[in-house]
Peer 1: 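Below are the structure tokens for one structure; questions will follow.
Values reported hereafter were calculated over all heavy atoms of this structure, with side chains retained and with hydrogens, waters and symmetry mates removed.
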Amino acid sequence: MISDACGPIAQTRLGQVNKLGMCRDCSLTSPPMVGSFGTPNAAQLFNRARSARNGRDEGRKKLGEEKPGNGMRSYSTRVLVWIIVYLLFILGPIFALMLGQWPPARDFWTEFSAALGYAGLAMMGLQFGLTARFPHITKPWGDDLIYHVHRQLSIIAVGLVIAHPLILFVVQPEFLALLNTFKAPWRARFAALSIYSLLAIVVMAVWRTKLKLSYETWHISHMLLAVVAVGAGVMHMVGWGYYLASPWKRELWIGMSVCWIGLLFYIRVIKPMFLIRRPYRVAAVREERGDTHTLVMQPEGHPGFRFVPGQFGWLTVWESPFKANGHPFVFSSSAAVSDGRVEMSIRSLGDFTSTIHTIPVGKRVYLDGPYGTFTVGNTAALHVLVAGGVGIAPMMSIIRTFADRGDQRPIILLYGSKDWESVTFREELEVLKPRLNLTIVHVLTDPPDGWTGEKGFITAEVFKRHLPPSYADHEYFICGNDMMMDATEKILDELNVPISRYRSEPPSFV
Amino acid sequence: MRRIYANKLIFAIGTTVILMSVLFALCRVNGGGIGRLTDKHAWAPHRQYAYKAAQKSVAVDRAPNENGHRTTFGLGPNE
């Protein structure tokens with residue numbers, strides 16, 4: 001899924017952005033030519049930040065935010081625990097094969113290839129858990145990175161699984177006869193089916209755009225092939241029976257596989273059953289600047305859900321939630337509203353997003369959420385929001401929530417757009433400004449005549465001009481296309497801002 | 001940066017899984033189980049031969065050797 005600018009958040013699906021993956025409204029890279037836009041200087045902001053720090057705990061309580069983290073150490077600990085648990089799930093069942101009765105001895109390479117096969121299958125199975133949208137699983141990484149981790153670990157898992165037969169073919173060439181599908185025993189046929197399914201998953205995921213597969217077709221194929229790959233892999237193991245001769249070992253691996261596939265069943269069948277009982281009605285479709293529409297949705301017959309500003313939901317509009325056609329968009333509305341109403345601001349870029357303005361008022365839609373860790377939750381007194389194009393959507397949720405809750409912690413919004421006319425929420429930001437300790441810095445790539453503000457892209461110089469110098473003390477939120485986020489994260493690294501101090505949402509994460 | 005950081009951790013996970021697969025194969029290469037991990041005889045290089053011999057003979061060869069000694073774990077009849 002690719003969005004036209006920002007986030008699970010902001011937009012669309014893979015293949016709906018230009019070849020460079022750039023949002024037309026996002027700005028970055030080359031240095032700006034001119035200074036500020038009537039904003040306070042860095043020293044004034046520093047004083048504001050210091051005075052606001054005293055009241056930060058109170059503000060945090062008001063927002064219902066999580067307890068302050070302990071910076072990098074806390075982040076590293078969470079990631080470390082995540083990795084240890086993940087490895088236990090992979091390696092535990094493998095080393096369990098060496099308990100109890102052992103099968104006869106074999107040479108090193110045969111045993112190594114068997115271990116790789118088991119490890120690969122265990123990793124493949126755990127992919128179902130990674131994408132099951134469990135908050136505890138996604139929290140250390142963020143939803144965008146979880147999908148990145150999912151892709152990378154899947155490639156490793158496929159490599160391990162394919163290495164298994166390749167090693168066997170080298171050390172025991174007689175196994176090559178098993179490639180003859182017509183004469184091979186069933187256990188070998190299951191192995192071939194598993195590997196062919198895995199290869200198909202990789203090909204379809206990597207070259208989906210070139211193959212001109214729609215997102216929906218790809219998504220359904222991806223899930224079915226994954227089930228076939230894992231199911232056939234387990235059938236191969238059970239059929240071979242070498243390590244799974246003991247009933248408890250067989251039950252362990254079959255049980256694990258059932259659990260893995262059960263997670264998919266939970267997401268695709270159980271969860272939609274709940275969603276269908278908690279529908280939403282479209283209350284309004286508002287046109288915004290920058291080819292963007294805001295979808296206002298009201299819960300129907302239920303109180304809705306509470307979300308934290310910056311989180312997103314999976315939106316299903318035209319079909320039943322049982323069809324795997326949900327699209328992730330960030331909530332752009334205030335989290336402080338009490339009637340359950342939520343809004344999503346969506347830029348028109350692809351086949352789905354370009355239909356948003358045609359959604360009739362009163363249309364029943366389904367929302368699965370909230371998800372995401374792109375949320376305010378740090379001790380930082382100063383929040384720096386870096387938005388490109390429709391990446392302003394999650395920032396609007398944060399700003400509106402601050403305004404509704406009377407939170408006076410200072411915010412600096414670095415907002416990159418293509419031109420002045422396409423600056424989404426331009427007028428509303430000016431209206432909200434007096435109610436908040438908010439500084440807005442517009443950066444335009446194509447500024448109008450007489451523009452005295454920042455021009456070009458959001459660069460390190462823009463940061464230095466508008467932010468107090470204690471850069472590592474602030475909390476940063478970045479939303480834009482991949483290039484913009486990479487550039488911004490690089491800037492923050494140069495400014496010695498630790499990873500735990502910033503959160504970013506990419507335009508695409510599935 | 002987050003992605004680079006994640007890639008390093010993914011590399012660490014992949015490497016660990018492969019190394020553990022090697023360990024699995026080393027434990028199993030002579031038909032052993034997880035107990036070999038804590039068996040010092042199994043890992044002392046100069047005793048590998050003795051270990052293998054003992055593994056093969058211990059089940060069937062508990063008879064006294066030519067010196068009148070019974071075989072012990074790690075010390076086969078030829079040692």
Side-chain angles (χ1 to χ4, degrees), chain A residues 75 79-80 82-83 86-87 90-91 94-120 122-123 141-142 144-146 148-149 151-153 155-157 159-160 163 243 478 482 485-486 488-490 492-493 497 499 502-504 506, chain B residues 1-62 71 73-79:
Chain A
Y75 180 80
V79 171
L80 187 66
W82 192 98
I83 289 175
Y86 180 85
L87 286 173
I90 301 288
L91 300 173
I94 296 173
F95 281 90
L97 298 175
M98 291 202 292
L99 297 173
Q101 287 188 325
W102 313 322
R106 296 184 296 189
D107 64 281
F108 170 82
W109 287 106
T110 302
E111 294 293 351
F112 180 55
S113 80
L116 290 182
Y118 277 103
M123 288 179 78
W141 304 85
D144 60 316
L145 269 194
I146 272 292
H148 174 73
V149 170
R151 278 191 291 266
Q152 302 300 316
L153 287 179
I155 290 170
I156 293 174
L160 296 180
Y243 275 110
I478 310 158
D482 283 344
M485 290 197 310
D486 287 346
T488 306
E489 289 180 3
K490 196 175 175 187
L492 294 178
D493 189 48
V497 177
I499 288 178
Y502 61 83
R503 302 172 193 207
S504 48
Chain B
M1 298 308 293
R2 288 166 67 245
R3 198 164 292 195
I4 293 170
Y5 182 61
N7 285 344
K8 287 178 182 172
L9 296 175
I10 291 164
F11 179 79
I13 289 173
T15 306
T16 306
V17 170
I18 291 172
L19 288 176
M20 289 296 114
S21 298
V22 171
L23 187 63
F24 177 93
L26 286 173
C27 289
R28 283 286 304 135
V29 73
N30 290 309
I34 206 163
R36 284 200 69 183
L37 290 175
T38 54
D39 181 357
K40 63 181 180 181
H41 295 287
W43 300 103
H46 66 283
R47 308 199 66 172
Q48 283 291 300
Y49 177 78
Y51 178 82
K52 290 174 189 175
Q55 282 287 82
K56 288 173 185 170
S57 62
V58 70
V60 294
D61 187 9
R62 284 287 186 180
T71 55
F73 191 74
L75 290 173
N78 296 325
E79 275 202 353

Peer 1: Could you tell me which portion of Tyr118(A) (side chain, backbone, both or neither) has an atom closer than 4.5 angstrom to a non-hydrogen atom of chain B?
Peer 2: neither
Peer 1: Give, as side chain, backbone, both or neither, the part of Leu160(A) having an atom under 4.5 angstrom from any heavy atom of chain B.
Peer 2: side chain
Peer 1: Distance check, rounded to the nearest 0.5 Å: Ile13(B) atom CD1 versus Met123(A) atom CE?
Peer 2: 7.0 Å
Peer 1: Nearest heavy-atom pair of Ala25(B) and Phe112(A): which atoms, and what distance?
Peer 2: CB-N, 3.5 Å
Peer 1: Output a table of donor-acceptor pairs, distance under 3.5 Å, between side-chain atoms of residues 14-23 of chain B and any protein atom two or more places apart or on a different chain; print 'none' if there are none.
Peer 2:
unit_1, atom_1, unit_2, atom_2, d
Thr15(B), OG1, Phe11(B), O, 2.7
Thr16(B), OG1, Ala12(B), O, 2.6
Ser21(B), OG, Val17(B), O, 2.9

Peer 1: Who pairs with Gln152(A) by side chain to side chain donor-acceptor pair (under 3.5 Å), at least two apart in sequence or on another chain?
Peer 2: none
Peer 1: Give the member of Ile90(A), Ile94(A), Asp486(A) that has the highest number of heavy-atom pairs under 4.5 Å with chain B.
Peer 2: Ile94(A)
Peer 1: Is there side-chain contact between Tyr243(A) and Arg28(B), with at least one heavy-atom pair below 4.5 Å?
Peer 2: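 With C-beta onward as the side chain, the pair touches.
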Peer 1: Check the surroundings of atom CH2 in Trp109(A): do more than 12 heavy atoms from other residues, nucleotides or ligands lie under 6.0 Å from it?
Peer 2: no
Peer 1: What part of Asp107(A) lies closer than 4.5 angstrom to a heavy atom of chain B: side chain, backbone, both or neither?
Peer 2: backbone
Peer 1: Rounded to the nearest 0.5 Å, what's the gap from CZ on Phe24(B) to CG on Leu91(A)? Could you check?
Peer 2: 11.0 Å
